[in-house]
Visitor: 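Right, I'll just put the structure down here and ask away after.
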Amino acid sequence: MTGPDSGAPAPVDSPTPPDGTVRTHPARRAEDVPERPEALGVRSSELLEALPDPTYVVDVDLSTQPAGYRVVWVSSSLAEMTGYSVAELRDSAPELVTSRGRSSPALREALVAGLPVSVVRSVPRRDGTSYRATVSFSPLGPGAGGWDRWLVTVRDATEELASAVLAEERAAVEERAQRGLSLVARVSDILADVDSATALVEISALLERRIVPWAAFYADGTELQKLTDLAGISYHRRDLRRQARLRGVPDPVVGLFLDTRMQTVVVDPREPAEEGTLTGELLALVARDGSAPDDGPLWLLPVLGRKAVLAVLAVRPPDLGTEESTLPAGELTTVLELVARRVGMAMDNLQLYDREHRLAETLQRAMLPEQSHVEGVDVWSYYAPSSEHAQVGGDWYDVLDMGEGRVGVVVGDVVGHDVEAAAAMGQLRSVVRAYAAEFVEPGKVLGRVDRLVASMRIARPASFVYATLHPRPGGETWDVAYSRAGHLPIVHVSGGRATQLEGANGPLVGFGGRPRHTGHAVVRPGDVLVFYTDGLVERRDRSMRDGVAALVSAAERIDAPDAAGIGEELLQQLADAPEDDIAVVVLRVPDPASDPTHSWSGPRERRWQMPMDPRTIARARHAVLRACEAWDIEDTAAAELVASELVANAVMHGWGRVDLRLRDTGDGLRIEVEDANPSPPVVREGRVGRVGGFGLHIISRLAEWGWRPTPAGKVVWARVRGKEPWGERSAQR
């Protein structure tokens, strides 16, 4: 008999078996035991040798501590696998069921219960190596001397265990990949809302919750700044190449902005950067950020657009290899690169959309007419594209001073809200202007437009109305001649009653085929004509007929003494939430005999859209004067001068168009001028001999003033106070 204290090499327990140290199997019942092999004419040793796995038979005495073992039989296949002889294995084979001379408690418990059991062992070979094996015990019944006899199978488990470890590693890799993909998918969901003002803040917070302790986005403009939304990047950036050449010092952040490759730059905040470098600016911003880490390196990744680096993603990486790190370094870098690329593409698409929108809007603004001052009548015009359609549409208006007291008015609508609609509008506008200068009668003008448009093959259908006004002999009344191409009727307000000029209507432009007709009406002093497109009256919850009826009703109630006041009230009552493009022209024949300010209760606000043209300055002064007359403001000199200076600055230094807005605040007149140049106004130091540059000094002497940025540029405002307290004047009135 041999025991666990023999000198044979001792196998070692598996420290962490994948499925547990011990496996037990249900014991077989007596009736399940087959006949003895001798009854079949086969010797037991031959039957055991035929088994596919190396085996041996052992008797076990569990009454002692440690247990006693003796080998009864050993297969030759076990000898071949281990390199030991059968005789040597008779002495060392019992050690396969022990670990350093002791059997595990779980194994001993299974053997005492007589249950089949499996353990994982490291089986030694004669050459000093070992292999992992699953050692299975099956009870054979009583042995000699009252010992229990067991059949022991030793199956090589090296490949099985390696497969299990590989499966665990693959599962871990898949789990990490799924975690990274879910994060990138969530980033895509956030970027889907391009109008969100906190998109980049949400993405930074997401990264901090999932994979890094801290993250933020930075972009360069007139200075380096932290970004919160996709639209925060500036179109006016510094010349970083020139800056790098002039300084001649290493600047990792500048290198990141100038290189269009995806890379990760590591910056240590503890190492001071050169003063005036972009790296120094970034580290200063991070240091002022209360949520940023106090120590450790920063990883900087470029936020790549199609052709340039738009921003920088700065992250504080976790301590790799610790519980703080949920991803290995390589996978963490990959996820951050994917996030930076997604953000870069979203920013680039937003910039591309914005550029196309600006191009289309500039094209449309260039083709839209700019109303000139017309002697003898008060004219106010307004245009606003639909915000739901990228602010590009096909509506247009035109106010023509045709000489000899004659005025032409055109309002039209091309189907669609895109660049093609704007281009078709520009073509129609030019055609109408050309024929309006050649023919007097509106019906003939529309007939000529029909024939020319049919030959031009303009793809978009359009409607418009064209009217001319000229004073009758004696000058007390005006004659209105008009013709309509499928357009909404002109609203005529006279003596507090509004009617629709519904005559002279025909098919849309280009679909005439028949002579166009001309309608006529008479306009007296104090009368108002309202030209408009369907955006002013059309709503989803009412028909077009009901919308026009609402316009007629509103026009009858308005008692404003000027065209701008009438237009403002119409917009407030009918277009507080427009669903389409709006073009409106309000024409009023002044009535010198009436009191314009008596019992008027309308809004004391006005707005005008003007071109970037020096003549706009004079028009602005005229607009202020007319508004002050309507509001019974006598001291207008300061207001006229301030308005002309503000508009002059916009014309000289801005671009796009000039929007002039006036509001009576009760204690002063607020003047606002908006243009598309986002740069703030600069007060220059006065010097002898300098020509110009004193506008803001003049404004500062006459008014309070300031400015604010807008999505389209900037607004410069001023508030002019009158000599008489305006609140007392308003109370007296």
Side-chain angles (χ1 to χ4, degrees), residues 357-374 379-400 408-419 421-430 432-433 460 462-467 487-488 490-491 529-538 551 563-572 574-587 605-613 616 619-620 623 650 655-661 672-676 710-713:
H357 160 63
R358 286 173 181 267
L359 173 63
E361 189 178 25
T362 301
L363 172 65
Q364 188 172 34
R365 294 295 180 194
M367 291 186 294
L368 272 177
E370 302 293 352
Q371 174 206 323
S372 302
H373 173 64
V374 181
V379 183
W380 177 86
S381 55
Y382 177 81
Y383 171 78
S386 171
S387 60
E388 295 183 2
H389 301 97
Q391 296 193 5
V392 179
D395 289 13
W396 89 94
Y397 67 85
D398 219 339
V399 180
L400 310 173
V409 179
V410 184
V411 171
D413 183 1
V414 177
V415 174
H417 304 89
D418 51 22
V419 177
M425 176 270 292
Q427 290 176 297
L428 282 174
R429 177 203 169 207
S430 300
V432 174
R433 268 182 168 252
R460 299 296 181 91
S463 69
F464 77 93
V465 57
Y466 171 55
H487 201 78
L488 295 170
I490 305 167
V491 174
L529 296 175
V530 181
F531 303 78
Y532 56 97
T533 57
D534 56 3
L536 181 66
V537 297
E538 186 178 24
L551 169 61
I566 296 169
E568 289 292 341
E569 290 200 48
L570 288 176
L571 292 178
Q572 289 190 17
L574 301 173
D576 54 342
E579 299 173 2
D580 200 352
D581 308 334
I582 297 176
V584 182
V585 175
V586 177
L587 185 149
E605 296 182 4
R606 300 290 185 269
R607 74 185 101 173
W608 293 266
Q609 299 167 341
M610 304 180 183
M612 284 291 177
D613 188 285
T616 293
R619 183 183 167 194
W655 56 79
R657 67 173 186 181
V658 178
D659 285 356
L660 171 64
R661 293 186 286 271
E672 294 186 353
V673 174
E674 181 175 2
D675 67 84
T710 66

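Start at 1 with the first residue, then count along the sequence.
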Visitor: Which heavy atom of G567 sits nearest a heavy atom of V586, and at what distance?
Guide: CA-CG2, 4.0 Å
Visitor: About how many Å separate CE of M425 and CZ of R429, when rounded to the nearest 0.5 Å?
Guide: 8.0 Å
Visitor: Between R606 and E568, which heavy-atom pair has the shortest distance, and what is it?
Guide: C-OE2, 3.5 Å
Visitor: I want to check something: taking the side chain as every heavy atom from C-beta on, are V530 and L570 in contact at a cut-off of under 4.5 Å?
Guide: yes
Visitor: Rounded to the nearest 0.5 Å, what separation is found between the OH atom of Y382 and the OH atom of Y397?
Guide: 10.5 Å
Visitor: State the CH2-CG distance between W380 and L587, to the nearest 0.5 angstrom.
Guide: 13.0 Å
Visitor: Quick check for you: to the nearest 0.5 Å, what is the distance between L529 atom CG and I566 atom CD1?
Guide: 10.0 Å
Visitor: We want to know whether T710 and E674 form a side-chain donor-acceptor pair, criterion being a heavy-atom distance below 3.5 angstrom.
Guide: yes
Visitor: Walk me through it: do F464 and V410 pass the test side chain to side chain contact (heavy atoms under 4.5 Å, CB included)?
Guide: CA-CA 7 Å; F464 77 93; V410 184; 3.9 Å; yes
Visitor: Which heavy-atom pair separates Q609 from D659 by the least distance, and what is that distance?
Guide: CG-OD1, 3.8 Å
Visitor: Would E672 and R607 count as a salt bridge (charged side-chain N to carboxylate O under 4.0 Å, His left out) if you check the C-alpha gap in whole Å, the side-chain angles of each, and the deciding distance to 0.1 Å?
Guide: CA-CA 9 Å; E672 294 186 353; R607 74 185 101 173; over 6 Å; no
Visitor: What do the steps show when you test L551 against L574 for side chain to side chain contact (heavy atoms under 4.5 Å, CB included), and what is the final call?
Guide: CA-CA 7 Å; L551 169 61; L574 301 173; 3.5 Å; yes
Visitor: Give the minimum heavy-atom separation between V585 and V379, together with the two atoms involved.
Guide: CG1-CG1, 4.1 Å
Visitor: Quick one about D413 and S463 (side-chain donor to acceptor, distance below 3.5 Å, no hydrogens or angles considered), yes or no?
Guide: no
Visitor: Minimum heavy-atom separation for T533 and G412, please, with both atom names.
Guide: CG2-O, 3.4 Å
Visitor: H487 side chain to Y532 main-chain N or O, any donor-acceptor pair under 3.5 Å?
Guide: yes
Visitor: Working to the nearest 0.5 Å, report the span between OG of S381 and CZ of F531.
Guide: 12.5 Å
Visitor: Would you check, one step at a time, whether the test side chain to side chain contact (heavy atoms under 4.5 Å, CB included) holds for D395 with I582?
Guide: CA-CA 7 Å; D395 289 13; I582 297 176; 5.5 Å; no
Visitor: For A462 and L428, work out which heavy atoms get closest and say how close.
Guide: CB-CD1, 3.4 Å
Visitor: Would V432 and D398 count as a side chain to side chain contact (heavy atoms under 4.5 Å, CB included) here? Give the steps.
Guide: CA-CA 10 Å; V432 174; D398 219 339; over 6 Å; no
